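Step one of this worksheet: look at the structure below.
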2 protein chains.
Amino acid sequence: MSEYLIRKLENYVRLSASDKRLLHEVVTRDVKSYGQRHDIVHEGDRPRSANLILSGFATRYKILEDGRRQIVAFMIPGDICDLRMTVLRKRDHAMGALMPSKVAQLTDADVQEILGHSARLERALAWNSLVDEAISLEWTVNLGRRDALERLAHLFCELHCRLRAVGLTTEGRCEVPLTQTEIADTVGVSDVHVNRTLMELRGRGLITLQGKSLTIHDMDRLRELAMFNPNYLHLGQEGRELDATDF
Amino acid sequence: MSEYLIRKLENYVRLSASDKRLLHEVVTRDVKSYGQRHDIVHEGDRPRSANLILSGFATRYKILEDGRRQIVAFMIPGDICDLRMTVLRKRDHAMGALMPSKVAQLTDADVQEILGHSARLERALAWNSLVDEAISLEWTVNLGRRDALERLAHLFCELHCRLRAVGLTTEGRCEVPLTQTEIADTVGVSDVHVNRTLMELRGRGLITLQGKSLTIHDMDRLRELAMFNPNYLHLGQEGRELDATDF
DNA sequence: CGCCGATTTGAGAGCAGTCAAACTGAGTGG
DNA sequence: CCACTCAGTTTGACTGCTCTCAAATCGGCG
């Protein structure tokens, strides 16, 4: 249940056996399942717990008064969000599952237990939050300063990197359960234009997206087109001075 | 020195006299001044401290390989950022002053001292971080799903709300030290188009922006145009159950 | 008064949006 | 096994918002 989270955190620091045991134990206490396209939490809800994606794929999104939707984050296995959100009275955005998903609900006490267990875990979770923030900033850049072709290229670069970090890729391939309309609501263009842009990317021999399977044919050129710099994902073992020495 | 921070946090919870004294003390330990358009930190720097804007106005921004710039956040007096960033090795974005600014540098120990002083302060800072995150998500929505006119309207609504929350407005007026090019790099359009859009907003009798002074003539219609919902700023005393009873 | 950054204005081009219709494919029920 | 449905994808035509490239104007400051 906790393997993706552990794998993700170990991109920052090597966890001890005891860290992993604790994570596994806490994370299996309260697990809920959500069907495809079901909301996990709604805007306006009172926050009750942090949420950890154990399996599946979810989004955080907001809807404007007139119905326009913007997806503001993807949640893949191993992603935690809403840490400390119980200090707020009402959520300002919703979360929904894009495919059948299992989500661990972590109470404040659960989170405290993890943070208090070791300085290593505490820092690993801080790293996790900082990376989430950095992703959000990078999405702002993507929407503000790249055109449609670059936005899609960047999105696929990021998704591939993040999925690889939790072991969900096989070479250049990964599963992304996104419709073209959902991609459109992510990169801020119309669904029709997403369709045309995908064909352009395919025509250039960079990627193919068929069914729910994304294949990257030429990562170097895709990166170059997207001006993708993975620094912001901080996947380079940046906490290694705290590495555990057992296994 | 700490009045803006205190005023800001008191939008969440009423602080005790001792909370305020401590904040004031910690926040005046190491203050640096930056001139207009000088960088406070660069992308790639090793993070050394959290940063609190005591006075002035700063931005967080990223620059793409080809020179395109995107401003990803505004920092106004009372705003803290980069809490816990020392767990990372390299910053993934820069921070620069838009006008002469005083910035308090908070070491990890300083931050710990604040967090450990009272549960009230600890929660107030958690609230602060959650609001910053929410703002970042809302900017994503703004860039992804609003047109130029709406984006500017939304930006001005948000700026006015945030400045009011720290006492930096007088009725519908506030000082925003932004050039049209900087606004352009914030809302993801060209500077020429910002110019035309500002004239449109002015023509509709919604705002005027002359010199560095923003005047909102008709907040209701501006809000409606922007579909601005201030929920995400969480300014409604949401932590009031922890209010201090002294003054 | 002259300079320089910032703002304003104009014209033309192009990226992306909208609206509609056709097509595809998986799942459903007769 | 074959309609039928429905969601998702694809295509076309047209529109329009926003960009780019200039050039002109403004305004503060030395």
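First the proteins, then the strands, lettered A, B, ... as listed; each starts at 1. This one's a predicted model, so the numbers in the text were calculated from it and none came from an experiment.
Taking atom CG of B/N195 as the reference point, atom P of C/dT8 lies 4 Å away to the nearest angstrom. Regarding B/H193, its NE2 atom lies at a distance of 16 Å from the P atom of C/dT7, rounded to whole Å. The CD1-P distance, from A/I183 to D/dG8, rounds to 12 Å in whole Å. The CD atom of B/Q36 sits 15 Å away from the P atom of D/dG28 (whole-angstrom rounding). The CG atom of A/D185 sits 12 Å away from the P atom of D/dG8 (whole-angstrom rounding). Rounding to whole angstrom units, CD of residue B/Q180 and C1' of D/dG27 are separated by 13 Å. Atom NZ in B/K212 sits about 10 Å away from atom C1' in C/dT7, given to the nearest Å. The distance from atom CG of A/L198 to atom C1' of D/dG8 is 13 Å, rounded to the nearest whole Å.
In this structure, the nucleotide among D/dC21, C/dC19, C/dT7 sitting nearest to the side chain of A/V192 is C/dC19. Taking the side chain of B/S190 as heavy atoms from C-beta on, and the options C/dT8, D/dC19, C/dG17, the nearest nucleotide is D/dC19. The nucleotide whose nearest atom lies closest to any side-chain atom of B/V189 is, among D/dT18, C/dG17, D/dT9, D/dT18. For A/R196, whose side chain is taken as the heavy atoms from C-beta onward, the closest listed nucleotide among D/dG12, C/dA16, D/dT20 is D/dG12. Distance from the side chain of B/M199 is smallest for C/dT9 among the nucleotides C/dT7, D/dA13, C/dT9.
If you check every strand for non-hydrogen atoms under 4.0 Å, B/D191 touches nothing. Contacts of A/R151 with the nucleic acid, taken as non-hydrogen atoms under 4.0 Å apart, are absent. Note on A/T179: only backbone sugar-phosphate atoms sit closer than 4.0 angstrom, heavy atoms only; bases stay farther off.
Aromatic ring pairs are classed by plane angle as parallel below 30°, tilted from 30° to 60° and perpendicular above 60°; the pair A/H154 and A/F228 is perpendicular.
Of the N and O atoms on the side chains of A/N231 and B/K90, not one donor lies less than 3.5 Å from an acceptor on the other residue. Donor-acceptor pairing under 3.5 Å is lacking for the side chains of A/E43 and A/Y61.
Between A/E138 and A/R145, none of the side-chain N atoms (NZ, or NE/NH1/NH2) sits under 4.0 Å from a carboxylate O, so this pair counts as no salt bridge. Contact check on A/D45 versus A/R91 returns no salt bridge, with no Lys/Arg side-chain nitrogen under 4.0 Å from an Asp/Glu carboxylate oxygen.
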